[in-house]
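Each remark here refers to the structure printed beneath this line.
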Amino acid sequence: MSEFSPKSDFLRVLTERGYIHQCSDMAAVDDKARAGELIAYIGFDCTAPSLHVGSMLQIMMLRWLQKTGAGKPLPLMGGGTTRVGDPSGKDESRKLLSIADIDANKESIKRIFSSFLAFGEGKTDAAMPDNAEWLTALNYIEFLREVGRHFSVNRMLAMDSVKMRLERDQELSFIEFNYMCLQAYDFVELNRRYNCNLQMGGSDQWGNIVTGIDLGRRMGTPQLYALTSPLLTTSSGAKMGKTAAGAVWLNADMLSPWDYWQYWRNTEDADVGRFLKLFTELPLDEIRRLEALQGAEINEAKKILANEATAMAHGRAVAEQSAETARKTFEEGAVSADLPTVEVPRAEFAAGLGVLTAFVRAGLVASTGEARRQVKGGGLRVNDKPVTDEKATLGAGDLAGGEAVKLSLGRKRHILLKPV
């Protein structure tokens, strides 16, 4: 595939920036992209109220599809498949959610896509189908006769998502075993409804996507195609979208834009160039200049990465505000009102709030035991001064500007504790 030279802007961008892991037919996908005839979908299951940074690679692929005029993006909501649970890459069965929870998660997830895609009725405008529209209406016997007969159990048992669980003697429920049948059927149904001809996803979805292509051939659809992206980890081996503090959510009500900005600002030096290519739309010449920076100068590139990634998800004004908050906090040592704020009852504060309890209440540590360990290591600060006495209490004298106390874990995590 490395020898293929794309003629379409879409595949050229994806190739140059490092989005492509596998493609079932690069030349055919390239031709359709040049003609503006790609109609591509990526499925997003509704297992939480928000997607996290681990989904950003796929969202950016849909964005580039639209931005280059190659075709129509279809972010597919998995209102139906979430009721089953995707076993791909999982060591154990997912907890089945209630229908009400799935629907609530779906509505919450939908909001983020309006930041990345333009929706409408035009040729390249995005549409957001939900596979519950057709999966929940299926008649089981009819589905077995019309669709199930095209699946080989031998081949399904050889799929990595199934084989991994069986080899480790971990239970794979019958409902999960059916997931690949439903995902394959999604591809066929989307072709019928939208003329969808390309499914994209992470490389762990390759087997499921190819199964959909095969099902389409057996059920008489036009030729379908597959395109996958690499599974990303940081240079230190950490999984994208996860930190010690938890998931890096895309929805602002799940993770503040400030914390989102900080996540990108804290990118490892070795990842800056790669992440600028994947998660921003900066020109490649500018990215090459930024990734060549050495020493302390690489921090400027990290700030640009944080600004661009945050602007895309939350808007340019919010990104600039986060950058200014960081400047005041780190460069001036000031207490910025734009820092995330946790409120505590004023009476509780006036009575003397234990410093260890304060850090737990702020969500900076999980327990007072962890707070004690951080004190011994010099990791906790109140108003930028190290905490040395674990029995200390916070009171009115600690309110910076008379309004809040700045609590810090290390150099990069800060919370304002505000009495109300």
Side-chain angles (χ1 to χ4, degrees), residues 50 52-53 234 236 238-239 241-268 302 306 310 314 318 321-420:
S50 171
H52 59 64
V53 163
T234 65
S236 62
K239 193 173 182 180
K242 301 285 186 180
T243 69
V248 184
W249 302 109
L250 300 183
N251 283 30
D253 58 351
M254 295 280 286
L255 183 76
S256 74
W258 155 260
D259 285 323
Y260 190 78
W261 190 95
Q262 277 293 306
Y263 171 77
W264 294 107
R265 168 62 181 82
N266 295 335
T267 295
E268 297 172 34
K302 293 181 182 181
T310 304
H314 300 296
V318 171
Q321 183 182 47
S322 296
E324 179 62 12
T325 299
R327 189 187 67 78
K328 289 179 180 178
T329 302
F330 300 124
E331 296 175 17
E332 297 180 5
V335 177
S336 174
D338 294 326
L339 286 173
T341 300
V342 172
E343 297 178 343
V344 294
R346 188 171 293 276
E348 184 179 345
F349 194 83
L353 182 63
V355 68
L356 301 185
T357 301
F359 276 88
V360 174
R361 294 283 291 276
L364 289 170
V365 294
S367 64
T368 54
E370 183 185 343
R372 285 192 185 92
R373 289 191 293 274
Q374 290 288 348
V375 169
K376 290 175 182 175
L380 302 186
R381 290 175 178 264
V382 172
N383 295 331
D384 297 321
K385 295 178 181 178
V387 177
T388 56
D389 180 6
E390 63 183 48
K391 295 181 180 179
T393 59
L394 301 180
D398 297 300
L399 295 175
E403 294 188 0
V405 181
K406 179 183 175 185
L407 303 183
S408 304
L409 172 63
R411 293 177 136 192
K412 297 175 179 177
R413 295 196 64 207
H414 310 274
I415 295 286
L416 294 183
L417 202 65
K418 184 175 182 178
V420 292

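Computed from heavy atoms alone, side chains included, the values below leave out hydrogens, waters and symmetry copies.
For Arg372, the salt bridge (charged side-chain N to carboxylate O under 4.0 Å, His left out) partners two or more places apart in sequence, or in a different chain, are Glu390. Partners of Ser408 under the side chain to side chain donor-acceptor pair (under 3.5 Å) rule, at least two apart in sequence or in another chain, are His414. Applying the side chain to side chain donor-acceptor pair (under 3.5 Å) rule to Ser236 yields the partners Thr234, Glu268; only residues at least two apart in sequence or on another chain are considered. Applying the side chain to side chain contact (heavy atoms under 4.5 Å, CB included) criterion to Asn251, with sequence neighbours excluded, gives Ser50, Ser108, Arg111, Ile112, Asp253, Met254. Listed by chain and number, the residues in a side chain to side chain contact (heavy atoms under 4.5 Å, CB included) with Val318 are Pro257, His314, Ser322 (sequence neighbours excluded). Arg381 meets the side chain to side chain donor-acceptor pair (under 3.5 Å) test with no other residue; sequence neighbours excluded.
Classified by interplanar angle (parallel below 30°, tilted 30° to 60°, perpendicular above 60°), the ring pair Trp258/Trp261 is parallel.
Distance check: Leu409 CG to Leu380 CG gives 6.0 Å after rounding to the nearest 0.5 Å. A distance of 6.5 Å separates CG in Leu353 from CZ in Arg361, rounded to the nearest 0.5 Å. Note that the CG atom of Leu394 and the OG1 atom of Thr357 stand 9.5 Å from one another [nearest 0.5 Å].
Within the 4.5 Å cutoff, the side chain of Val387 has heavy atoms near those of the Phe359 side chain. At a threshold of 4.5 Å between non-hydrogen side-chain atoms, the residues Leu250 and Val53 count as touching.
Annotation for Trp249 and Tyr260: closest pair O-CD1, 3.7 Å, computed over non-hydrogen atoms. Between Ala362 and Val342, the shortest heavy-atom distance links the atoms O-CG2, 3.9 Å.
Of the candidates Leu356, Leu407, Val360, Val365 forms a side chain to side chain contact (heavy atoms under 4.5 Å, CB included) with just one, namely Val360.
Side-chain N or O atoms of Ser367 include one that pairs as donor or acceptor with a backbone N or O of Glu370 at under 3.5 Å.
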